[in-house]
Amino acid sequence: MENYKKIIEDIYFEVKNVNDIGKVANYIPELATVSSDNFGVNMTSIKKESFGVGNFDKKFSIQSISKVLSLTLAYRFEGAKLWNRVDVEPSGNPFNSLLQLEADLGKPRNPFINAGALVICDILISHLKNPKEDFLAFCRELSNNPTLSYNEKVAQSEKISGFRNIALCNFIKSFGNIKNNVETVLDFYFYTCSLEMSCKELSEIFLFLADDNFTTHKGNKVLTMSRAKRVNAILLTCGFYDESGEFAFRVGLPGKSGVGGGIVAIHPDKYCIVVWSPKLNKKGNSYKGMLFLEKFTTKTASSIF
Ligand code: GLN
């Protein structure tokens with residue numbers, strides 16, 4: 001960790017001064033109220049050493065990053081059966097696209113695009129008694145952090161403006177790949193997206209994908225080594241929608257972004273690093289977040305390749 005601190009700090013200040021050509025997401029009105037000046041970075045090593053710079057402690061809307069947590073819980077319930085409902089192929093399309101679903105008969109390409117996450121939410125609803133409460137309890141156990149919660153305002157804001165997700169969910173239902181009530185699935189999905197965490201909290205909650213020996217504070221193993229490896233593989237190939245190739249090319253780590261401007265990147269066996277900067281590039285990924293991580297893995301020579 002000591003070796004990384006100065007590098008993180010130097011790159012942070014270098015990138016902070018770069019002209020940000022991104023735009024804050026405004027299709028969810030509540031997200032547009034967040035100041036675009038926020039910029040934070042936090043790294044947590046598998047030895048649980050943590051280091052942060054800038055707004056690393058400020059909570060933000062994790063949005064699609066929650067798709068990794070919902071996939072993890074569904075994977076625990078379903079095991080390999082899960083892949084009958086959701087594929088593991090990069091989509092090469094925007095995160096909210098309806099295009100491939102028709103040809104693929106309602107089977108989403110992967111769990112990290114909206115279509116896939118909606119099916120994952122449907123699966124969780126079939127398993128959980130109180131989906132919202134139970135999912136939150138799972139996240140709290142994973143991070144040993146009882147303060148984690150949803151942001152009601154963000155969830156409601158997305159609910160009244162989520163026309164594409166409403167279309168996606170109905171379309172998948174028409175193929176029979178949504179089993180529960182469409183409104184119930186959408187409501188749960190919007191809440192999962194509204195989870196709030198800081199860079200520090202995110203870098204802690206995702207340690208289970210970096211550390212093969214990770215157990216929760218209650219002594220529970222989250223995923224087997226084999227399953228964690230598979231989730232990391234999907235993160236590398238699908239974590240950034242139609243920019244997943246670019247992220248692997250420039251950064252070289254499995255990771256996941258969200259339209260709140262957060263990016264989580266995982267170096268298996270070493271660390272988890274999280275960047276937050278709300279302005280997004282055209283593909284919906286944080287402009288400065290990607291730039292920071294590209295410089296970081298280059299300078300530390302610590303990509304997985
Ligand atoms: N809640 C957002 C949506 O469904 C999540 C998208 C994202 O973060 N890429 O549109």
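In each ligand, atom 1 is the first atom listed, and ligand 1 is the first ligand listed. Only a predicted model underlies this, so the values are computations on that prediction, with no experimental measurement involved. FYI, side chains are in, hydrogens and waters are out, and symmetry mates aren't considered; it's all heavy atoms of this structure.
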So, does Q100 use its side chain to make a donor-acceptor pair with the main chain of S91 at under 3.5 Å?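 Side chain of Q100 to backbone of S91, a donor-acceptor pair under 3.5 Å: yes, one is there.
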
Salt bridge between R85 and D122, side-chain N to carboxylate O under 4.0 Å?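 Salt bridge flag = yes for D122 with R85.
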
Could you please spell out the steps behind the side-chain contact (heavy atoms from CB on, under 4.5 Å) verdict for V34 and F60? CA-CA 9 Å; V34 176; F60 60 93; 5.9 Å; no

Under 30°, 30 to 60°, or over 60°: which ring-plane class applies to W83 and Y75, parallel, tilted or perpendicular?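 Judged by the thresholds at 30° and 60°, the geometry between W83 and Y75 is perpendicular.
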
For ligand 1, find each of its N or O atoms that sits under 3.5 Å from a protein N or O atom, and tabulate the pairs with distances to one decimal place.
from     : atom 1 : to   : atom 2 : distance (Å)
ligand 1 : 1 (N)  : Q63  : OE1    : 2.5
ligand 1 : 1 (N)  : E158 : OE1    : 2.9
ligand 1 : 1 (N)  : E158 : OE2    : 2.7
ligand 1 : 4 (O)  : N114 : ND2    : 3.0
ligand 1 : 4 (O)  : E158 : OE2    : 2.9
ligand 1 : 4 (O)  : N165 : ND2    : 2.9
ligand 1 : 4 (O)  : Y189 : OH     : 2.6
ligand 1 : 8 (O)  : S64  : N      : 3.0
ligand 1 : 8 (O)  : S64  : OG     : 2.8
ligand 1 : 8 (O)  : V259 : N      : 2.8
ligand 1 : 9 (N)  : S64  : OG     : 3.0
ligand 1 : 9 (N)  : Y241 : OH     : 2.7
ligand 1 : 10 (O) : Y27  : OH     : 2.6
ligand 1 : 10 (O) : N114 : ND2    : 3.3

Sequence-distant partners of N181, side-chain hydrogen bond (donor to acceptor under 3.5 Å, both in side chains), two or more places apart: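 side-chain hydrogen bond (donor to acceptor under 3.5 Å, both in side chains) list for N181, sorted by chain: T184.
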
So, do Y271 and Y4 have ring centers that fall under 6.0 Å from each other?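 Ring-ring flag for Y271/Y4: true, centres closer than 6.0 Å.
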
